[in-house]
*Asks:* 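Take a look at the following structure, please.
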Amino acid sequence: MTDTPNDAATTPPADEFVAAAEALARGCVDVLPAGALARRLQHAADAGRPLRVKLGMDPTSPDVHLGHAVVLQRLRAFQDAGHVVVLIIGDYTARVGDPSGRSKSRPVVDGDQIDANARTYQEQAFRILDPERTEVRWNGEWLAKLTPLEMFRLMRGATVARVLERDDFQKRFTSNAPISILELLYPLLQGYDSVAVESDIEFGGTDQLFNLLMGRHLQPQYGQTPQLVITTPLLRGTDGVEKMSKSLGNYIGLDDDPNDVFGKVMSIPDELMPEWYRYAAGLTWDEAEAYVLGVEHGTVHPNHAKRTLARHVIERFHPRSVAQGAEERFDAQFKRNEVPEGIPELSIAAIPRTEAGLVFLPAVLVAAGWATSNGEGRRLIQGGAVRIDGTQVAASVLEIDPATLVGVVLQAGKRRFARIE
RNA sequence: GGGCGUGUGCCCGAGUGGUUAAAGGGGACGGGCUGUAAACCCGUUGCGUAAGCUACGAUGGUUCGAAUCCAUCCGCGCCCA
């Protein structure tokens, strides 16, 4: 993989471009090849054209979350510096399934779902990106038209050994897990996207490194200057272990209710705070470091730091007053055990009565959507989770006079409330 | 194409004819403690308010009785070609 003269170190780039490159790549993990970003910035400036910065997102789930926000934020910085983001909605690659970081094949998502997701993705991405400086492309635009002959050309561009080198495949291969030939093809298709949009730089999470390099590998075969590759860290989810993802349920969506966001942030493990301060809080690097060091040196109480973090996360997408409101509600509900405002109404009219005219309480819990079966509802009661107007329901109480339930606040656990009508 | 192996509850995994609704672990949920953190302790984790029903890839069979035995099929893997 050779660099074209465009990236060659003929003369060192001017200091201002070195500084700009450093600022733009702040917090990123890989910037490849080393030193090329400053030169690329300078060439773009000299040529008077913006760089085309590519990001591909496969719309396999309907929500954009804080994990995506990490890379989107970096792209926004490029936009603010005058460059163009090419956002690729992988409607076609989603049909293949990215094997990155996967120990199993991805479940196949059907076409309608992909299209629906693709739309919400775009919308949500624009909560961070500047639409004026974004070119949105769906990769079906070129992948759907790829003739067999063109596919052959593409497939000749990489070897099996090379593709099998990558970690995910390696692991699966050695543990005798299946790898489909289609999955093997995924990196090539993503690489071809770079050819199709003539990208100067491609961004992705660290798990994308291989795919990103494939674009760099393929572009020269199509007579293009190879793109630079920049990776951002993978944000871990609320469980503090796995990378944030919809399918693991450990994510905070950009569209989540601010009150939920506050609670979710409060529930993350302390060890996650430095990471989230740096990458999820929307703060500058120095601001984030100040908090991280404060906690480390014991000058900031972890609880205070986490509350502040929660407010910052909300303030990225909502006014400050909303963040403050979320914090107040949080305290009311979880510190003072007050009943939150705006709890749903629950009608028990449709629940069958016993001969004695009583209602079966587990069935009420099912009606509220808190249990999927009467058995599960009963277990909640027996586990002491259910309260009526704040008073714990005894494990033995399964039937109750509906008249005593009217207007009452029913609660299961700490966060599920309903007012019975 | 041939040989061998494998398929268990949300996940991993034990279980080779009867007290197995299925050990153990993880996860999840709930209770306690707390900073809704971690750690720790406790409980629950198929459906049915009960009789009972359904469940160990699928179908059929053997048996008083099957997750466990047999046959066929399907999925997955390994080896040979």
*Asks:* Dump the pairs, protein N or O against N or O of nucleotides 28-31 of chain B, anything under 3.5 Å, distances to one decimal.
*Replies:*
from: G30(B); atom 1: OP1; to: Arg416(A); atom 2: NH2; distance (Å): 3.4
from: G30(B); atom 1: O2'; to: Gly383(A); atom 2: O; distance (Å): 3.1
from: G31(B); atom 1: O4'; to: Gly383(A); atom 2: O; distance (Å): 3.4

*Asks:* Write down the distance separating the C1' atoms in A81(B) and C10(B), rounded off to the nearest Å.
*Replies:*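 These two C1' atoms come out 41 Å apart once rounded.
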*Asks:* Which nucleotide, if any, forms a Watson-Crick or G-U wobble pair with G7(B), using both distances under 3.5 Å?
*Replies:*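 For G7(B), the partner nucleotide comes out as C74(B), under the 3.5 Å rule.
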*Asks:* Under 3.5 Å, is there a donor on one side chain and an acceptor on the other for Asp200(A) and Gln227(A)?
*Replies:*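 Judged by distance alone, the side chains do not pair up.
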*Asks:* Could you list the protein-to-nucleotides 53-57 of chain B atom pairs, N/O on both sides, closer than 3.5 Å?
*Replies:*
none

*Asks:* Expressed in angstrom and rounded to an integer, what is the separation of Glu271(A) atom CD from A37(B) atom P?
*Replies:*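 Going from CD in Glu271(A) over to P in A37(B) covers 12 Å.
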*Asks:* Would Arg153(A) and Tyr222(A) count as a cation-pi pair here, with the cationic atom under 6.0 angstrom from the ring centre and within 45° of the axis?
*Replies:*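 Arg153(A) over Tyr222(A) ring: yes.
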*Asks:* Using modelled atom types and a 3.5 Å cut-off, is there a donor and acceptor pairing between side-chain atoms of Arg236(A) and backbone atoms of Gly240(A)?
*Replies:*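 Yes.
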*Asks:* Once you apply the 3.5 Å cut-off to both distances, tell me the Watson-Crick or G-U wobble partner of A38(B), or none.
*Replies:*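 The answer is none; no pair meets the criterion.
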*Asks:* So which nucleotide does U49(B) pair with, by the Watson-Crick or G-U wobble rule with both distances under 3.5 Å?
*Replies:*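 Partner of U49(B): none.
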*Asks:* Going by atom types only, do Gln219(A) and Ser194(A) share a side-chain donor-acceptor pair under 3.5 Å?
*Replies:*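 Side-chain D/A pair, Gln219(A) to Ser194(A): absent.
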*Asks:* Could you identify the nucleotide paired to C69(B), looking across every strand shown and requiring Watson-Crick or G-U wobble geometry with both distances under 3.5 Å?
*Replies:*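 Looking at the geometry, C69(B) pairs with G61(B).
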*Asks:* Between the base of U44(B) and the side chain of Gln382(A), is one N or O donor paired with an acceptor at under 3.5 angstrom?
*Replies:*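 No, no donor-acceptor pair under 3.5 Å.
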*Asks:* Rounded to whole Å, please give me the gap between CD in Glu242(A) and P in G26(B).
*Replies:*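 Rounded to whole Å, this separation is 16 Å.
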*Asks:* According to the Watson-Crick and G-U wobble definitions, with both distances under 3.5 Å, which nucleotide is paired to G43(B)?
*Replies:*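 WC or wobble partner is C29(B).
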*Asks:* Can you check the Phe262(A) CZ to G35(B) P distance for me, whole Å?
*Replies:*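 Taking atom P of G35(B) as the reference, CZ of Phe262(A) is at 15 Å.
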*Asks:* For C56(B), give its Watson-Crick or G-U wobble partner with both distances under 3.5 Å, or none.
*Replies:*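 Its partner is none (no Watson-Crick or G-U wobble pair with both distances under 3.5 Å).
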